[in-house]
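Here's the structure, in structure tokens; my notes come after.
Naming: A, B, ... by sequence-line order, numbering from 1 per chain.
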Number of protein chains: 2
Amino acid sequence: MLQEAFSIGSHDCGDCPIRHRAVCARCEADELEQLEEIKYYRSFEAGQTVIWSGDRMDFVGSVVSGIATLTQTMEDGRTQMVGLLLPSDFVGRPGRQGSAYDVVATTDLVMCCFRKKPFEQMMETTPHIAQRLLQMTLDELDAAREWMLVLGRKTAREKIASLLAIIARRDATLHLRGTDGPLVFDLPLTREAMADYLGLTLETVSRQVSALKRDGVIELQGKRHVTIPDFGRLLEEAGDDSDGGMLA
Amino acid sequence: MLQEAFSIGSHDCGDCPIRHRAVCARCEADELEQLEEIKYYRSFEAGQTVIWSGDRMDFVGSVVSGIATLTQTMEDGRTQMVGLLLPSDFVGRPGRQGSAYDVVATTDLVMCCFRKKPFEQMMETTPHIAQRLLQMTLDELDAAREWMLVLGRKTAREKIASLLAIIARRDATLHLRGTDGPLVFDLPLTREAMADYLGLTLETVSRQVSALKRDGVIELQGKRHVTIPDFGRLLEEAGDDSDGGMLA
DNA sequence: CAGAAGCCTTGACCCAGATCAATCTCATGA
DNA sequence: TCATGAGATTGATCTGGGTCAAGGCTTCTG
């Protein structure tokens, strides 16, 4: 279940380099003005924590560039990634106090934020924003539940293939390409981060990536640069031929 | 992460035996009248499928009594439960065409439904409904992500303990009790359904339930009637001492 | 009351993936 | 230029949970 393509509306938020899926879809000029007033940018370096689980979170926003992850950690240190934030993804929990997860920048990251209080007030007076956020949250819920199937029932090889398929597809969507020809992209995650996403160890990830390479499902230039010669083949390996809702 | 207690508002929806978390929180009298008009009940027998994944879904609603499950299935038959619907839980995807999962009644089930079209129209004109649904969807998202940690990183024993804790807590909340004294409830799931929820086989579920019984973490009368003498102990077994947000 | 059908339990064995450990590959920078 | 260290690979071994198989309990039904 793929999240909606990133650009719904037909205008940008002022000088913001991305279009905010959450708020732009049906924005009027005066709403955009309101948004400008409460908008600001934040930059993070790779590895930096954007916000800790439980911490007060006084903003909502979108990823402009870079990648962030949502992770949960148990007392004994076991961690599970529960979300992957790519450019245009929304971050934040309108109406909630704190963050439920650690949000960590895995690459250099730029976010476009709105101050939370006024944003929530805007939500009250501008019904379509709440509706838009509801749609996006339903998308996230679908993605999370799709991932439950991956975590609960797929083999290590299928898990890797599923992750590569998601990233490849998101990447293609972001660059407004289809998934027909060979797909080329840079893996935004270390083997360890992949393992945390997939509920595996990094060694198993490494082995299965090697195996997929050996079997010609993927090609690797270096450790991170990936080519998918045949996306359909990859989906088969993911145990997921039903090319579920591509290019929403 | 527990879903909100089931009754937020201070009135019932007409003769409906439960309070609809989604719509009642701030309903006005005339809205209630509108709701009455588009409301109807549906009953299902244990085992019956409420709706198949992909099917057109022309209603939204709440569970009145009984239990339903949301499941996803792979082509080869592997299945993963992705949600558990207890009384007062909301079902439906406003703004979406079809269901993304199979919804199956695991016990006899009564649902209170609203026709989807008019409900959506009401959402447009009654902003608080969309906001309320957003909050509930965020709760579900939290629950789904919490479950990703269970599926990805917990041992079989911890998984069983986690499931029992969730059901025990929901049951206590539903009956407006705390989790201090011993908790007693009936398991609404077969061993197989538990396995589908936990990403295990039914044999492993059976073994771990027996082990928890042997170790005094739970007591069993018959196969389904469970007593939790010490809820804190159960949470420890679940690897989850942080009694996360109980009785929201 | 016998037989059948669900559901559950328990045992024996096996294997996918975890764990432990050694080595490799680069990019960085002194 | 050569240390340094973070990330990745690969091998050897171990084990939690899967798989296969044999019963055991209840609740229906005839």
Side-chain angles (χ1 to χ4, degrees), chain A residues 45-48 67 69 74 76-80 104 106-108 150-164 186-215 218 220-226 237 239, chain B residues 45-48 74 76-80 104 106-108 150-164 186-215 218 220-226 237 239:
Chain A
E45 289 173 22
Q48 221 182 327
I67 278 105
T69 61
M74 293 172 67
D76 62 6
R78 281 177 279 178
T79 69
Q80 175 66 52
V104 181
T106 59
T107 65
D108 288 347
V150 173
L151 288 172
R153 293 301 184 193
K154 291 196 177 178
T155 64
R157 171 183 264 245
E158 289 170 331
K159 285 179 176 182
I160 300 287
S162 299
L163 179 57
L164 291 173
D186 281 307
L187 260 182
L189 302 173
T190 65
R191 298 289 185 264
E192 187 178 24
M194 292 172 69
D196 279 344
Y197 205 175
L198 297 165
L200 297 171
T201 59
L202 70 91
E203 292 95 331
T204 298
V205 170
S206 183
R207 277 186 249 273
Q208 296 300 333
V209 169
S210 299
L212 288 174
K213 179 184 174 185
R214 172 172 40 71
D215 300 345
I218 62 175
L220 281 179
Q221 289 79 45
K223 294 158 192 303
R224 298 290 196 89
H225 196 74
V226 182
E237 291 287 350
Chain B
E45 289 172 21
Q48 219 181 329
M74 292 172 67
D76 62 7
R78 282 177 280 177
T79 69
Q80 175 66 51
V104 182
T106 59
T107 65
D108 288 347
V150 173
L151 288 172
R153 292 301 184 194
K154 292 196 177 179
T155 64
R157 171 183 263 244
E158 290 171 331
K159 285 179 176 182
I160 300 286
S162 299
L163 179 57
L164 291 174
D186 280 308
L187 260 182
L189 302 173
T190 65
R191 298 290 185 265
E192 187 178 23
M194 292 173 70
D196 279 344
Y197 205 175
L198 297 166
L200 298 170
T201 59
L202 69 92
E203 292 94 330
T204 298
V205 170
S206 183
R207 276 186 252 272
Q208 297 299 334
V209 169
S210 299
L212 288 174
K213 179 183 173 185
R214 171 170 43 71
D215 299 344
I218 62 174
L220 280 178
Q221 289 80 45
K223 294 156 193 302
R224 298 292 195 88
H225 195 72
V226 183
E237 291 288 351

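Atoms NZ (A:Lys223) and C1' (C:dC26) sit 7 Å apart, rounded to a whole Å. A straight line from CZ of A:Arg207 to C1' of C:dA16 spans 11 Å, rounded to a whole angstrom.
Put simply, the side chain of B:Gln48 never gets that close to the backbone of B:Val104: no donor and acceptor are under 3.5 Å apart.
For A:Glu203, counting side-chain heavy atoms from C-beta on, the closest listed nucleotide (D:dA8, C:dC20, C:dA18) is C:dC20. Residue A:Thr201 places its side chain closer to C:dT19 than to any other of C:dT19, D:dA8, D:dG17. Each of C:dT10, D:dG18, D:dA8 was ranked by its minimum atom distance to the side chain of B:Ser210; first place goes to C:dT10.
Within the nucleic acid shown, B:Leu200 comes within 4.0 Å of sugar-phosphate atoms alone, with no base atom in reach, counting heavy atoms only. Counting non-hydrogen atoms under 4.0 angstrom, B:Arg224 reaches the backbone sugars and phosphates but no base. Nucleic acid contact for A:Gly47: none, since no nucleic acid atom lies under 4.0 Å from a heavy atom of the residue.
In terms of position along DNA chain C, the nucleotide closest to B:Glu192 lies nearer the 5' end than the nucleotide closest to the other residue of the pair A:Thr155 and B:Glu192.
Looking at heavy atoms from C-beta onward, B:Val226 lies out of side-chain contact with B:Asp186 at the 4.5 angstrom threshold. Using a 4.5 Å cut-off on side-chain heavy atoms (C-beta onward), A:Thr204 and A:Leu198 make no contact.
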Please step through side-chain contact (heavy atoms from CB on, under 4.5 Å) for the pair A:Arg191 and A:Lys223, ending with a clear verdict.
CA-CA 9 Å; A:Arg191 298 289 185 264; A:Lys223 294 158 192 303; 4.2 Å; yes
